[in-house]
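Just so you know, ligand 1 is whichever comes first in the structure, and atom 1 is the first atom listed for that ligand.
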Amino acid sequence: MHDPDPPADPDDKTAWRRLGLARRQALSRAEQLARRRGWRSHGVDAVTSSGAAVVSLYLSRGQEPDTLGLAAELERRGVAVLAPVLTDGRGHGVHEVSWGRYRHDRLREGLWGIPEPSGVAMAASELASADVIICSALWADRAGYRVGIGGGWYDRALLHRRPDAPVWAMVDTCEVVAALPRDPWDVAVDAALTPCGLVPLGPKGSVE
Ligand SMILES: Nc1nc2c(c(=O)[nH]1)N(C=O)[C@@H](CNc1ccc(C(=O)N[C@@H](CCC(=O)O)C(=O)O)cc1)CN2
Ligand SMILES: Nc1ncnc2c1ncn2[C@@H]1O[C@H](COP(=O)(O)OP(=O)(O)OP(=O)(O)O)[C@@H](O)[C@H]1O
């Protein structure tokens, strides 16, 4: 696979973040739609084949890989969906990682335009009930390391996953690169969920 040119300083997470956001912003409407269709159909297939009864995913905004169609379809199929809750419901941010049960007709706008469940908020430890975890990322590398939006939310959240629950980062195929900068707190994911399907990363990924 041909990697996109890395930032001038490939050890700088912020530069990777800026590059990733700019590349997503530059996508045409047609490219976005094509990717969205792929993510949705492969997302449903991957979750269904995993046999998961409970799935945790982020609720996308703007140019992020779209999870809203996937969440609605999983709900329709009887899969329980957990999504991040960033506010207390009165517009104030919550500091601890917290989760809500996704229902397509019970959403509110949380922080920074991110939709969130409006029902009862659950503690970070609730992630242990998830059989599959789909997290946000701007980039993922072959070893499973990711660069996200930069709050460290998922690095904190993933400490509560069950060790047997696979973690998938939702990115485009061209957002899976050879190597990204790593910090001591970074938690590696098991696969990239791309519009072309699951790409195993880390020890289970193919060695190139
Ligand atoms: N849709 C979505 N939900 C998510 C994430 C995500 O990346 N996308 N997160 C992934 O971890 C967690 C939330 N973390 C986030 C951290 C920062 C920003 C953000 O937009 N920050 C603003 C600046 C905020 C400020 O003014 O302080 C920005 O980057 O412009 C968004 C989500 C959980 N939920
Ligand atoms: N387990 C943790 N406990 C406390 N702080 C943490 C933890 N993990 C990460 N952080 C903090 O979060 C900040 C951002 O981390 P990083 O740059 O790796 O974000 P990211 O993984 O790209 O973003 P995100 O997880 O929000 O998508 C760092 O400054 C770090 O100190």
Side-chain angles (χ1 to χ4, degrees), residues 6-7 9-25 32 35-36 39-40 43 55-72 74 81-89 91-102 104 107-118 121-128 130 133-141 143-161 167-172 175-177 179-190 192-193 201-202:
D9 178 0
D11 295 328
D12 180 356
K13 270 191 182 176
T14 308
W16 277 101
R17 224 165 256 139
R18 218 178 295 125
L19 178 66
L21 288 168
R23 284 168 54 97
R24 285 183 180 175
Q25 216 109 57
Q32 284 176 21
R35 289 182 185 193
R36 188 172 295 179
W39 269 308
R40 181 169 173 167
V55 171
S56 155
L57 47 69
Y58 67 97
L59 295 175
S60 58
R61 62 164 174 181
Q63 319 283 340
E64 289 183 320
D66 180 70
T67 59
L68 302 177
L70 174 61
L74 293 177
V81 176
L82 294 178
V85 173
L86 304 180
T87 78
D88 62 2
H92 303 294
V94 289
H95 296 295
E96 307 78 28
V97 166
S98 107
W99 298 98
R101 171 87 185 259
Y102 165 88
H104 73 278
L107 297 176
R108 65 182 178 222
E109 186 169 320
L111 292 181
W112 308 307
I114 300 177
E116 66 184 23
S118 58
M122 295 174 278
S125 56
E126 189 63 25
L127 189 66
I133 298 158
I134 299 174
C135 64
S136 60
L138 285 159
W139 301 97
D141 74 14
Y145 287 90
R146 51 181 277 287
V147 169
I149 194 77
W153 196 95
Y154 267 107
D155 293 315
R156 283 176 284 126
L158 290 173
L159 300 175
H160 298 271
R161 75 193 186 283
V167 182
W168 304 339
M170 202 142 155
V171 287
D172 187 61
E175 293 167 341
V176 179
V177 297
L180 290 168
R182 267 181 221 181
D183 285 308
W185 56 78
D186 286 333
V187 178
V189 303
D190 302 295
L193 177 55
L201 301 173

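With hydrogens and angles ignored, the 3.5 Å screen pairs a side-chain donor or acceptor of Ser60 with a backbone N or O of Thr67. Counting only distance, with no hydrogens or angles, the side chain of Glu64 and the backbone of Arg61 share a donor-acceptor pair below 3.5 Å. Trp16 contributes no side-chain N or O that, together with a main-chain N or O of Val147, makes up a donor-acceptor pair within less than 3.5 Å.
Ionic pairing of Lys13 and Asp186 is present here: one or more N-O contacts between side-chain nitrogen and carboxylate oxygen are shorter than 4.0 angstrom. Here Arg23 does not pair with Glu175 in a salt bridge; the nearest charged N to carboxylate O distance is not below 4.0 Å.
Interatomic distance, NE2 of His104 versus CG of Leu74, reported as 13.5 Å (0.5 Å rounding).
Only one option out of Val171, Asp155, Val187 pairs with Arg146 in a side-chain contact (heavy atoms from CB on, under 4.5 Å); it is Asp155.
Counting only heavy atoms from C-beta outward, the side chains of Asp66 and Arg40 never approach each other to under 4.5 Å. Within the 4.5 Å cutoff, the side chain of Leu138 has no heavy atoms near those of the Arg18 side chain.
Listed by chain and number, Tyr58, Leu59, Ser60, Arg61, Glu64, Pro84, Leu86, Trp112, Ile114, Ser136, Ile149, Trp153, Tyr154 each place a non-hydrogen atom less than 4.0 angstrom from ligand 1. Ordered by chain and residue number, the residues placing a heavy atom less than 4.0 Å from ligand 2 are Lys13, Arg17, Arg146, Val147, Gly148, Ile149, Gly150, Gly151, Gly152, Trp153, Tyr154, Asp155, Arg156, Leu159, Trp185, Asp186.
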